[in-house]
There are 2 protein chains.
Amino acid sequence: MSNDIKDLKQPAKAGQKQLDSIHVFAPATVANVVCGFDVLGFAVNEPGDEVIMRVTDKPGITISKITGDDGRLPLNPAKNTVSVSVEHYLRSIDRLDIGLDIELHKKMPIGSGLGSSSASTVAGLFAIKTLLGDDTDPSTLLPFAMKGEEMACGHGHADNVAPALLGGFVLIRSYEPLDVVRLPHPAGLWCAIVFPDVDVPTREARQIIRKNIQMKDAVTQWGNIAGLVSGLFMQDIDLIGRSMKDVLVEPVRSMLIPDFYLMREMAMEMGAVSFGISGSGPSVFAFTRDEETAKRITQKLQQHLTNIKIGSNGYVSTINDAGPRVLG
Amino acid sequence: MSNDIKDLKQPAKAGQKQLDSIHVFAPATVANVVCGFDVLGFAVNEPGDEVIMRVTDKPGITISKITGDDGRLPLNPAKNTVSVSVEHYLRSIDRLDIGLDIELHKKMPIGSGLGSSSASTVAGLFAIKTLLGDDTDPSTLLPFAMKGEEMACGHGHADNVAPALLGGFVLIRSYEPLDVVRLPHPAGLWCAIVFPDVDVPTREARQIIRKNIQMKDAVTQWGNIAGLVSGLFMQDIDLIGRSMKDVLVEPVRSMLIPDFYLMREMAMEMGAVSFGISGSGPSVFAFTRDEETAKRITQKLQQHLTNIKIGSNGYVSTINDAGPRVLG
């Protein structure tokens with residue numbers, strides 16, 4: 001994708017409309033997608049985060065308000081992934097002269113495995129890009145979003161920020177150099193997501209993954225990712241389902257998720273195409289062929305979690321092809 | 001794919017035409033395709049093997065002639081992969097009453113990494129299938145062809161027999177259960193193949209591959225296979241080229257191939273899209289965007305091998321979408 005950044009190094013010219021505030025939404029994302037550890041992700045319609053960004057008179061970035069985070073996120077702009085990635089972007093276009101105030105409204109749980117930090121970061125970057133009238137390809141923002149991820153998770157991966165930014169289903173073919181490919185998907189694919197309210201920090205969820213694996217398991221895994229990608233292009237939901245198996249990461253990470261295999265059995269019995277961990281968990285997701293099945297699965301799994309005294313959030317969505325958007 | 005086998009358990013009825021001899025060709029194949037170890041392969045137009053099969057009066061299979069093998073292949077039908085796989089097929093349809101004589105004409109080098117045994121086996125199976133008027137999907141022959149591979153290489157893999165049998169570009173998504181997916185490819189993709197005449201037995205080429213690998217290398221590999229599959233569907237030859245990198249198998253197997261990295265440099269400088277080992281080697285192949293470039297690369301690499309006193313064969317082909325065919 002193009003990495004050109006158009007000439008934004010000057011304030012808006014006379015007669016050119018310069019927005020002075022904007023309210024944007026960026027979506028949650030499901031990374032890994034079972035067999036595509038660290039290279040696949042897709043965006044959903046809900047949940048997601050919102051950023052309200054206002055141009056101020058004084059150069060520099062402030063964060064005046066964060067809601068929905070139970071006080072867990074820093075208001076200090078040097079420590080918040082949103083302001084840090086926006087500052088990286090402004091530095092790259094030599095516009096550190098701008099003054100900005102940010103409100104961040106978390107509309108999704110933190111530490112859920114749904115790309116919470118990515119949604120915030122992408123909302124911030126999409127806000128400043130739109131404020132400045134930067135009409136370059138959104139993929140030019142990816143390196144800045146990855147900076148935010150590095151800060152949030154200790155690992156600058158792109159499998160949440162890329163789909164949050166570009167929308168749809170995204171393959172990160174390579175990190176060095178960064179090579180991102182938008183994949184198609186069957187229109188009728190629905191996604192049921194359940195977040196069991198248990199604590200699975202991303203850093204630790206990464207640390208428990210084996211560093212050394214068997215070649216034969218890797219072959220199984222890349223047969224499956226090739227099958228999943230083929231199924232997406234062929235709109236073959238059966239093939240997508242058959243391919244979504246993970247012999248390497250899920251056996252380990254599923255230990256951190258209450259009743260993971262029981263929830264899978266429930267979802268598959270109710271007609272899910274596939275079931276697995278979203279990102280590093282604890283959220284789980286199922287693909288289905290229709291909204292009704294996705295709703296029933298979400299309800300059933302949430303009911304089960306209630307029965308074992310675990311709170312949860314549930315979401316039902318198609319795949320979000322638009323990515324971030326301006327609200328209101 | 002369908003596994004129905006139509007009722008062939010009776011000899012041809014009166015009035016139904018039963019062939020009493022047939023001459024077929026089955027193509028060479030390039031397995032692995034650089035980043036798809038054990039799961040990807042494609043068929044080429046040349047070289048390939050030929051089988052002439054005749055119905056005889058006496059039940060059982062004989063092999064009356066093998067040419068082009070320098071006496072390396074067994075005439076004993078219990079030890080030859082062609083007759084063994086044909087016998088497996090006949091047993092499955094309860095037709096061991098049939099008498100057959102086989103001539104095998106090797107038109108390609110043995111031990112070349114071009115699926116030599118697969119081409120022979122598929123030619124034999126396609127011959128008997130056609131002789132008997134079996135019009136089920138060719139994929140029903142795959143398990144019998146894999147039996148032949150198991151005998152020839154000590155490993156019943158499908159990445160040569162599947163493309164030889166089905167034609168085109170093939171993904172073996174899974175072995176248990178067997179799940180084979182035909183992939184599209186850009187029409188304008190050409191293939192330059194050079195077989196340096198050095199000995200690389202398939203069994204040993206497998207044994208030198210690491211059994212344990214690093215997760216991070218596996219992630220690189222499955223990002224690439226996902227990129228290659230995407231490139232095939234998107235007809236994006238640049239993406240195909242960028243994705244055809246192998247960090248796991250090539251670094252080891254290339255040691256068995258004279259001047260592998262030098263040949264790669266030559267091919268890439270001459271405009272190849274990609275360059276790598278065919279199957280377990282020693283054959284190498286390059287994708288190109290046109291016939292002329294493929295021809296020039298083949299000539300240049302063969303000239304280089306001559307200079308270092310190694311004989312070679314060279315082939316130039318598009319991808320063979322037809323698979324085996326009846327000759328003459």
Side-chain angles (χ1 to χ4, degrees), chain A residues 1 32-33 35-40 155 157-159 169-184 206 209-236 238-240 242-249 252, chain B residues 32-33 35-40 155 157-159 169-184 206 209-236 238-249 252:
Chain A
M1 295 188 185
N32 298 344
V33 199
C35 54
F37 177 65
D38 270 2
V39 308
L40 281 184
H155 182 250
H157 58 290
D159 48 355
F169 228 110
V170 176
L171 163 69
I172 297 96
R173 203 269 309 162
S174 153
Y175 279 87
E176 291 178 18
L178 189 61
D179 189 7
V180 168
V181 182
R182 253 316 287 269
L183 304 178
R206 279 200 84 79
I209 292 174
R210 283 174 292 207
K211 288 193 173 54
N212 293 294
I213 60 175
Q214 291 199 299
M215 176 73 90
K216 71 176 177 56
D217 291 334
V219 171
T220 301
Q221 200 89 350
W222 64 62
N224 279 327
I225 192 171
L228 171 54
V229 171
S230 299
L232 290 169
F233 276 96
M234 294 162 78
Q235 313 239 341
D236 182 338
D238 287 332
L239 176 57
I240 289 170
R242 292 199 302 277
S243 302
M244 286 176 67
K245 287 173 192 151
D246 173 5
V247 297
L248 289 170
V249 178
V252 183
Chain B
N32 299 345
V33 199
C35 54
F37 178 65
D38 270 2
V39 307
L40 281 184
H155 182 251
H157 58 291
D159 49 356
F169 227 109
V170 175
L171 163 69
I172 297 95
R173 202 271 307 163
S174 152
Y175 278 87
E176 291 177 17
L178 189 61
D179 189 7
V180 168
V181 183
R182 219 37 229 275
L183 305 178
R206 280 201 84 78
I209 292 173
R210 282 174 295 208
K211 289 195 172 52
N212 293 293
I213 60 175
Q214 290 199 300
M215 177 73 91
K216 71 176 178 56
D217 291 334
V219 171
T220 301
Q221 200 88 351
W222 66 59
N224 280 326
I225 192 171
L228 171 55
V229 171
S230 300
L232 290 170
F233 276 96
M234 294 162 78
Q235 313 239 341
D236 182 337
D238 286 334
L239 176 56
I240 289 169
R242 292 198 303 277
S243 302
M244 287 175 68
K245 287 173 192 151
D246 173 4
V247 297
L248 289 171
V249 178
V252 184

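Throughout, a chain's letter reflects where its sequence line sits, starting with A, and its residues are numbered from 1.
Taking CD from B/Gln221 and CD1 from A/Ile225, the interatomic distance works out to 11.5 Å, rounded to the nearest 0.5 Å. A/Ser243 OG to B/Asp179 CG: the interatomic distance, rounded to the nearest 0.5 Å, is 6.5 Å.
Put simply, the side chain of A/Gln214 reaches to within 4.5 Å of the side chain of B/Asn212, judged on heavy atoms.
In this structure, no portion of A/Leu228 lies under 4.5 Å from any heavy atom of chain B. Neither the backbone nor the side chain of B/Leu40 has a heavy atom closer than 4.5 Å to any heavy atom of chain A. The parts of A/Ile213 that come within reach of chain B are both its backbone and its side chain, each placing non-hydrogen atoms under 4.5 angstrom from that chain. Residue contact with chain B, scored on non-hydrogen atoms closer than 4.5 Å, involves the side chain of A/Ile209 exclusively.
The residue among B/Gly227, B/Gly36, B/Ser230 with the most heavy atom pairs within less than 4.5 Å of chain A is B/Ser230. Interface check for chain A: of the options B/Leu171, B/Leu183, B/Asp38, the most heavy-atom pairs under 4.5 Å are formed by B/Leu171.
Between A/Phe37 and B/Trp222, the ring planes are perpendicular. Angles over 60° get that label, and only those under 30° would be called parallel.
A pairwise comparison of heavy atoms in B/Arg242 and A/Arg173 identifies O-NH1, 3.1 Å as the closest pair.
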